[in-house]
Every structure is written in structure tokens, then in C-alpha cells.
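Here's the structure we're looking at; comments come further down.
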Amino acid sequence: IGPKKVKVIWEELGIETLGELLYACNENRLVDLKGFGAKTQEQIKGAVTFMLNNAGLKRYSDAWVIAQREEAFIRNLKQSVAISQTGSIRRKCEIQSEIDFLVATDSSDALFHAFTETGQNGTRQPWGFSYLTDEHFPVRLFTCSKMDFGTRLFVTTGSEVFLSECEKYKSLAATLQHNYADEDSLFAAAGLAFIPPECREGSGELSIAESGSFLALLEYADLKGCLHNHSTYSDGINSLREMAVACINEGLEYFGICDHSKSAFYANGLSVERVIQQHLEIDKLNAELAPFKIFKGIESDILPDGSLDYPDAVLDTFDFVVASVHSNLRMDKTRATERLLKAISNPYTTVLGHPTGRLLLAREGYPLDMDEILEACRQHDVVIELNANPYRLDLDWRWIQTAVSKGIKIAVNPDAHRVEGIKDMQYGVWAARKGMLLAADTFNARSLSQVSEYFAARKQRVFN
């Protein structure tokens, strides 16, 4: 809602807080205000409820920064024999409600005393102690002995579903009755391959570990290129050259520029004339920076009717097209799904960008029938993006195995708007690992020659 509606709500109803606004919606008091109505009231109610439900939570990227600082602080207390992040922060969940640590110490009392001597306030617990950070974010510090550090780390790391699944494995359940100093020894005793912490969600990882070896999950070092990025041509902070050089310095072989298309006027979307200008600059930079290559891409807006921005003659000038939704986000599930299905069927669509449009802790994704979307991507050989921006992490990792089972490739893209954003691919890799993604199923783990051949072959296959 804009300032005019805010003014009406304040002057007519005297509302000053989100709680009062939600109450007013529940009491049906906004319906009769000028410029409102039942639909607007319902939208406001949904938005306020979403915000209030997420109050006090943090995105993983923000919690991770705090966790690194707090871990260093705890180490400096000089009372720990071993320390590790545990719980959801160790599993690298996209949303965090608290930060957990496990500390092996000779004396839990001595550790707590050293903690309070720093001037910090903590609350003693049977399992250790808890406290609030400077950001008022809760920290739980579990303590144990050195001899049972591995067992306690296993138990405090796994999700509730994972730990429930563990009970079905008799060898593992028996193993957990004993103390192990490290997790490697525990897994070996249970006859299971080591399961990476981020995978311990109860999504079939135990049956994989039972085979004796676990999947070689995607690593950051596996990424050979960086697709879906922005420059000063649209709403980026750095020039095309600066972005390309940053990728070279990151050890990458190629870079895909995907500035916004012309309908994205709010993001300085490219007119046809500016597309031509950018392509000329790319040709010059490619000659200069070879063997590194800049691919000519565009983030083409998916228009409300499902068509792509620009006529076909312009779309044909790009090496690849990332098709994304940025507007008209309030469609119902049927319309939103049909819109994406039409875009996916467009022969120029190479990659489906941030499929649900979600912004973590800020906006829910638009409703989609993901099974239909994934099946369409399979049929039309469209790559699905796992947008690595920590505000998005979209495609949700929970859909990765479904996509991979259909033969769909996943592109871990940073959607970088500045050189620093390129490293956001690390957040995407962590999310991808939660979905047990392999390098073989990751589009930009392919080499420059493989990606070049793919783009060329796809165009030839689709249009000839």
C-alpha cells in the first residue's frame, strides 16, 4: 500500500502498529474506507500476518555472520576443548530462529563463569546455557564432554524428521546409545557413510548412506561459470568489464550477462538500441579477455500473458535467455501456472529464473503447480535456476530431486548486481547440497566448451 492509503488508515482508524492493523482487518474495518475494499483488506491482512509470523527470524546469510562472530567469542573464553555450530545453522537452513553451538568442555560451570565475566547475561540451562546477541538473536550453547562430542553433535544437528528416521535403523539406534568423540567414528560404527550435515533433513539420505558411500555433492569449486548477472546497463552497480574481471579473478571460465529487458522500466531495462550497444561491447571484451567468454544473455520479463519481452528477432540475438516474472505477482494458482507454462514453451527460453519469485522473510512466492512447471521444463529442455541470492534461494531445495529425476539441469546463478554478489553462488551451493544436487546435474558446472556447444546445439535443434 502507498502513502495515500497509509494516511487514510491512520486518520480514519487511528492505527499506528501492525498489530492494530491486523485487528482492524479481522474486524472488517478497512472495507468501507475510501480506495479500499474486501480484496485490498484481504491482501493487507495476508501481508501483515506474513510479517508478524516471521518476526525475530533471520535469513541464513545474516545468521551465519552472527554465528561466525559468536563462535570466535566462545573460543576466546578458553574453556572449550572442541566447538561446532549445530542444529539448523549447521544444516544451513534458509531461515534461522536461533543459533546453536555444541561445546566440549572440562567444566560447564567454568565455561558459564568465563562467559558471565565478560559482562554478558546468560541463563543457565540443564543442557548448557542460552543468551541473546547484540542483535537480540537467541543463542543456545549445549555442553558435553570430549568423549561424547560426536554423539551429541549428531543428535543436536539433525532435524526432527531425520532423528525420527534414525530410529528405524537398528544399527544406528544402537550406536547412539554409546559415546563417540567424533561423528566419523559414529557413522563407521553404525555401518553408514558419513552424511553431510546440510542433508540431514529426513529426505532419504539415510538409505543412501546405508549403501556404504554417499553422493559426491556439488562443491563451490565445481562451478565453472557464472550466469545471470547484471551491470550498469540496467540496475547493476559495476560495469560489464568489472563484472567480467571479477569472474576471472574468481577462477571462472565464463560469465553470462542478463541485464533487465525493456519492460522492466523500474530497473532501467534495455531498449533494443541499448541491446545492440551492449552486444558490441561484449564482442570487444571477448576479443580482449579470451579465452574467458562473456555470453550474451538477457533477463527477459515474462509478461502477464506469458509472452517474453522483445520480439523474436531481438531474442534471437542472445546466446541464452533467462525468463523471469517481476510484475503482476498476485495471480491465482491457475493463472500463475499457465503464465509460466507459456513462457517455458517459448523456444527462446533457456533458463527459468527464480521460479516462484519468493523473497525470504519479505514475500511469499506466487502460487504455482510446481509439478506442472517441472514437467514443462523437461518437455522443453529448459534449465531451472537456483537463484543464489540469499534473499531468494529459489528454486527451493526441496524440489531439486524431483527436477533432477526428470533430467532437468539446475543453474546455480548469483543474480549478481555488483562484483561482491558473484560470491553469493556459495549460498546457492549450500542450498543445492541440501537438495543433494550433484555437479553432473548442475548446468554451470559444465566447462566453457560444453556450455557453448549446448547453447549452439539447442538453437539449432529448436529452430531448424
Side-chain angles (χ1 to χ4, degrees), residues 17-19 50-146 149 152-160 163 197-198 200-201 358-363 388-393 397 420-421 423-424 426-431 433-434:
T17 68
L18 287 178
F50 181 81
M51 291 182 67
L52 293 176
N53 287 343
N54 290 315
L57 303 179
K58 289 189 181 294
R59 287 173 287 273
Y60 173 77
S61 57
D62 297 325
W64 182 78
V65 172
I66 297 172
Q68 299 299 105
R69 183 194 69 206
E70 295 303 306
E71 183 173 338
F73 165 70
I74 295 165
R75 288 184 186 280
N76 285 336
L77 297 177
K78 308 298 184 184
Q79 294 293 327
S80 59
V81 179
I83 181 171
S84 173
Q85 295 176 17
T86 191
S88 63
I89 193 77
R90 189 176 183 224
R91 298 200 313 277
K92 297 178 173 60
C93 298
E94 59 268 46
I95 300 297
Q96 300 288 325
S97 60
E98 60 199 355
I99 296 171
D100 290 341
F101 292 103
L102 178 67
V103 178
T105 179
D106 295 329
S107 171
S108 183
D109 289 335
L111 175 62
F112 184 67
H113 179 69
F115 171 81
T116 56
E117 278 196 330
T118 66
Q120 296 281 345
N121 293 318
T123 302
R124 204 73 167 90
Q125 305 285 359
W127 38 260
F129 61 90
S130 59
Y131 67 96
L132 294 176
T133 68
D134 292 341
E135 299 86 1
H136 298 282
F137 199 60
V139 172
R140 297 190 302 178
L141 202 153
F142 298 89
T143 58
C144 65
S145 70
K146 180 180 179 181
F149 184 77
R152 292 294 297 152
L153 186 58
F154 181 93
V155 171
T156 56
T157 293
S159 70
E160 289 185 15
L163 295 176
E198 53 268 41
R200 301 180 200 175
E201 296 287 353
R358 75 178 184 184
L359 293 176
L360 295 171
L361 299 183
R363 182 178 73 206
N389 185 303
Y391 279 71
R392 291 190 183 273
L393 297 179
W397 62 266
E420 295 84 1
K423 292 181 182 291
D424 281 349
Q426 179 65 79
Y427 295 114
V429 168
W430 284 331
R433 288 172 62 86
K434 290 187 70 62

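Counting begins at 1 with the first residue of the sequence.
- In terms of heavy-atom proximity, Gln120 sits nearest to Phe73 at CG-CZ, 3.9 Å.
- Among all heavy-atom pairs drawn from Thr143 and Gly128, the shortest one is OG1-CA, 3.9 Å.
- Closest approach of Val155 and Leu163 over heavy atoms only: O-CD1, 3.4 Å.
- Judged by the 6.0 Å and 45° rule, Arg59 forms a cation-pi pair with Tyr391.
- To the nearest 0.5 angstrom, Phe101 atom CZ is 4.5 Å from Ile74 atom CD1.
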| Does the pair Arg90 and Leu153 meet the rule for a side-chain contact (heavy atoms from CB on, under 4.5 Å), with working shown? | CA-CA 10 Å; Arg90 189 176 183 224; Leu153 186 58; 3.4 Å; yes

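- The environment of CG in Asp106 is sparse: at most 12 heavy-atom neighbours from other residues, nucleotides or ligands sit within 6.0 Å.
- The structure places CD1 of Ile83 at 10.0 Å from CD of Glu70, a figure rounded to the nearest 0.5 Å.
- Thr118 has its side chain out of reach of Asn76: every pair of non-hydrogen atoms, C-beta onward, lies at least 4.5 Å apart.
- Ring geometry for Tyr60 versus Tyr427: interplanar angle over 60°, hence perpendicular rather than tilted (30 to 60°).
- When side chains are defined from C-beta on, Glu201 counts as touching Cys93, because their heavy atoms get closer than 4.5 Å.
- Put simply, the side chain of Trp430 does not reach to within 4.5 Å of the side chain of Leu393, judged on heavy atoms.
- The heavy-atom pair separating Ser84 from Phe149 by the smallest distance is CB-CZ, 3.9 Å.
- With Arg358 contributing its side chain and Arg392 its backbone, the two residues share a donor-acceptor pair below 3.5 Å.
- Taking CH2 of Trp64 as the start and NZ of Lys92 as the end, the distance is 9.0 Å to the nearest 0.5 Å.
- For the pair Asp109/Arg124, a side-chain contact is recorded, criterion being any heavy-atom separation below 4.5 Å from C-beta on.
- Proximity of a side-chain donor or acceptor of Lys58 to a complementary backbone N or O of Gln96 within less than 3.5 Å is not detected.
- Taking CD from Gln125 and CZ from Arg140, the interatomic distance works out to 9.0 Å, rounded to the nearest 0.5 Å.
- Between the side chains of Glu135 and Thr133, at least one donor N or O lies within less than 3.5 Å of an accepting N or O.
- Between the side chain of Thr86 and the backbone N or O of Thr157, at least one donor-acceptor pair lies under 3.5 Å.
- Pairing each heavy atom of Asp100 with each of Glu98, the nearest pair is OD1-CG, 4.0 Å.
- For the atom pair CZ of Phe115 and CD of Gln79, the computed distance is 13.5 Å after rounding to the nearest 0.5 Å.
- Expressed to the nearest 0.5 Å, how far CD1 of Ile99 lies from OG of Ser130 amounts to 13.0 Å.
- Closest heavy-atom contact between Ile89 and Ala63: CD1-CB, 3.9 Å.
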